[in-house]
Amino acid sequence: MFDAATARQLRRTDFPPDFRWGCSTSSYQIEGAVGEDGRGESIWDRFCAQPGHIRDGSSGAVACDHYHRWPEDLDLARSLGVNAYRFSIAWPRIQPSGRGPALEAGLDFYERLIDGMLERGLQPWATLYHWDLPQALQDQGGWAERRTVDAFVDYAGLVVRRLGDRVRHWITHNEPWCTAFLGHAEGCHAPGLKDFGAAIQVCHHLLLSHGLAVPVIRQACPGAQVGITLSLHPIHAASDSPADQAAVQRHDGLRNRWFLDPLHGHGYPADTLALLGKLAPQVAPGDLAAIATRTDFLGINYYFPEEVADAPGQGVLRTRVVEREGVERTAFGWEVSPEGMVTLLARVQRDYTPGPIYLTENGSTWDDTLGPDGQVHDTQRLDYLARHLAAAREAMRQGVLLKGYFAWSLLDNFEWAEGYTRRFGLTYVDYPTQRRLLKDSGQWYARFLHA
Ligand code: FCB
């Protein structure tokens with residue numbers, strides 16, 4: 001199922017006419033211009049400056065220089081034929097220290113950018129938090145501190161009051177699992193902490209800040225469509241053994257249900273709470289009701305399935321992620337599984353009936369090279385894209401209320417701890433010259449969308 005040759009035959013008309021077609025980016029990964037127009041320091045500026053954190057020693061200081069080149073980038077998006085563009089707002093451009101009045105220059109930048117989208121027929125989808133917390137807030141404890149929740153809600157209000165007349169689609173957070181666990185438990189993302197208990201509390205504050213921001217966004221933007229984007233994974237057992245099957249349940253508890261359950265009014269999963277014991281988050285009265293505030297859609301970022309085994313003594317979850325042999329993997333080592341996407345979407349639909357679902361990210365990284373003909377023949381990315389679109393259609397056939405697809409990413413960009421060593425773009429970026437070049441995958445997406 002989902003072989004490349006068949007998937008490439010797919011047509012746009014195989015999807016409903018109102019299906020949203022987009023591509024995604026995020027502020028720190030593309031903007032650069034970190035010292036311009038009063039932008040404050042973010043946790044990623046600080047994290048990148050500390051040796052050993054970023055594989056190639058780089059940072060997002062210049063990235064794709066999108067801050068200056070955005071008209072060209074929006075032209076590119078339009079040339080793809082997408083009708084929506086997902087981007088994120090850099091909190092340190094709006095409030096350099098994370099609190100206080102909004103910086104006009106920051107709001108002006110996003111206003112121009114959004115007007116540029118509207119002029120090109122691109123529906124703006126704004127993410128309020130794609131990981132670039134103002135460093136000043138981190139210095140006061142960051143997401144582990146409940147006060148950061150209030151700061152986020154204030155920030156959301158400032159942004160939406162100014163931009164809500166032209167942006168209807170708002171995403172509060174991008175992938176809270178990553179913010180919490182990569183940033184606070186594994187320490188491979190900013191702010192680089194290694195404290196599992198803190199990560200659990202961070203999850204709660206992220207979810208709470210989402211829930212409390214929803215009514216603020218709605219008030220500032222009548223008719224707003226508000227949601228959150230989660231990174232979700234289908235999880236399989238490494239073997240048929242009852243021990244490995246039980247490991248799936250434990251892993252799924254923190255990876256998926258820890259977010260899906262409270263957002264859909266079920267509170268934190270009891271089995272995971274029991275495993276956490278004393279590390280369970282501090283939850284104040286009213287928090288769970290706030291987190292369960294009704295949203296208008298659920299954003300899902302899908303990249304890969306995970307396979308887990310029982311691992312007695314290993315961490316709170318006593319599980320271990322194993323690398324399945326003989327499966328297709330991207331240059332990152334992520335398993336390629338369009339089938340997994342169908343399984344995941346069907347499961348979310350069945351267990352939560354969340355309302356409209358949007359795939360807010362999906363994409364792959366490969367070792368792209370500029371060929372002698374001056375082109376990037378990224379056949380593997382093209383096939384990945386086509387096969388996942390086929391999977392999206394299959395999920396809809398199975399009854400999933402999927403309403404749109406955003407490819408990650410419009411551009412090659414700063415891939416966090418991997419720096420510039422991982423290219424995810426439909427567009428190749430030659431960093432020394434900042435020249436952009438549509439790869440074969442981007443050209444295929446454009447043909448698909450224009451047909
Ligand atoms: C997701 C992130 C996005 C990008 C892709 C490859 O987890 O949301 O910023 O890094 O992975």
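A donor-acceptor contact closer than 3.5 angstrom is absent between the side chains of Thr272 and Arg257. The closest side-chain donor-acceptor pair between Asn362 and Tyr405 falls under 3.5 angstrom. Of the N and O atoms on the side chains of Asn413 and Tyr420, not one donor lies less than 3.5 Å from an acceptor on the other residue. No hydrogens or angles considered: a donor-acceptor pair under 3.5 Å links the side chains of Trp366 and Ser364. Residues Tyr428 and Gln375 bring no donor and acceptor atom of their side chains to less than 3.5 Å of each other. Side-chain polar atoms of Glu175 and Asn301 form a donor-acceptor pair below 3.5 angstrom. Looking only at atom types and distance, the side chain of Glu306 has no donor-acceptor partner in the side chain of His236 under 3.5 Å away. Using modelled atom types, one finds no donor on one side chain facing an acceptor on the other under 3.5 Å when comparing Arg46 with Gln138. No side-chain donor from either of His130 and Ser88 sits under 3.5 Å from a side-chain acceptor of the other. Counting only N and O atoms by type, the side chains of Asp287 and His204 include a donor and acceptor under 3.5 Å apart. Remark: the Asp132 side chain and the Ser27 side chain contain an N/O donor-acceptor pair separated by less than 3.5 Å. Side-chain polar atoms of Ser209 and His173 form a donor-acceptor pair below 3.5 angstrom. Checking Thr229 against Asn174 by side-chain atom types alone, no donor-acceptor pair falls below 3.5 Å.
Taking OG1 of Thr379 as the reference point, atom CH2 of Trp444 lies at 13.0 Å (rounded to 0.5 Å). A distance of 4.0 Å separates CD1 in Ile114 from CZ in Phe87, rounded to the nearest 0.5 Å.
Between Trp44 and Trp131, the angle of the ring planes stays under 30°, which puts this pair in the parallel group of the 30/60° scheme. In this pair, His264 and Tyr352 present their aromatic rings tilted. The plane angle is within the 30 to 60° band. Aromatic ring orientation, Phe297 versus His169: tilted (interplanar angle from 30° to 60°). Below 30°, between 30° and 60°, or above 60°: for Tyr28 and Phe414 the angle between ring planes is above 60°, a perpendicular geometry.
Without hydrogens or angle criteria, Lys439 side chain to Gly425 main chain gives a donor-acceptor distance under 3.5 Å.
Across all non-hydrogen atoms, the minimal contact from Asn83 to Arg12 is ND2-NH2, 3.6 Å. Taking each heavy atom of Leu275 and Val316 in turn, the nearest pair found is O-CG1, 3.3 Å. Across all non-hydrogen atoms, the minimal contact from Pro269 to Trp258 is CD-CE3, 3.7 Å. For the residue pair Thr365 and Thr330, the shortest heavy atom distance occurs at O-CB, 3.4 Å. Of all heavy-atom pairs between Leu273 and Ala280, the closest is CD2-CB, 3.9 Å. The shortest heavy-atom contact between Leu317 and Arg250 is O-NE, 2.6 Å.
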In sequence, state the C-alpha distance, the side-chain angles, and the governing distance for Ser26 and Trp416, and then conclude on side chain to side chain contact (heavy atoms under 4.5 Å, CB included). CA-CA 11 Å; Ser26 89; Trp416 310 113; 3.8 Å; yes

Candidate pair Asp383 and Arg8, rule salt bridge (charged side-chain N to carboxylate O under 4.0 Å, His left out), full reasoning: CA-CA 7 Å; Asp383 288 343; Arg8 284 185 188 213; 2.8 Å; yes

Arg381 vs Asp368, test: salt bridge (charged side-chain N to carboxylate O under 4.0 Å, His left out). Steps then yes/no. CA-CA 9 Å; Arg381 184 176 294 99; Asp368 298 323; 2.9 Å; yes

Determine, stepwise, if the pair Glu335 / Tyr303 fulfils side chain to side chain donor-acceptor pair (under 3.5 Å). CA-CA 8 Å; Glu335 181 178 341; Tyr303 288 97; over 6 Å; no

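None of Tyr302, Trp21, Trp125 except one satisfies the ring pair (Phe, Tyr, Trp, His ring centres under 6.0 Å) rule with Tyr358; the exception is Trp125.
The shortest side-chain heavy-atom distance between Thr25 and His66 does not fall under the 4.5 Å cut-off.
For the pair Arg329 and Trp334, the cation-pi criterion (under 6.0 Å, within 45° of the ring axis) is not fulfilled. A cation-pi arrangement is absent between Arg11 and Phe448, since the terminal nitrogen or guanidinium carbon is not both under 6.0 Å from the aromatic centre and inside a 45° cone about the axis.
Legend: residues meeting side chain to side chain donor-acceptor pair (under 3.5 Å) with Thr319, ordered by chain and number and at least two apart, are absent. In this structure Glu394 satisfies the side chain to side chain contact (heavy atoms under 4.5 Å, CB included) test together with Met1, Phe2, Val342, Arg397, Gln398, sequence neighbours excluded. In this view, Arg347 and Asp252, Asp351 satisfy the side chain to side chain donor-acceptor pair (under 3.5 Å) rule, not counting sequence neighbours.
In the displayed structure, Gln282 atom CD is contacted under 6.0 Å by at most 12 heavy atoms of other residues, nucleotides or ligands.
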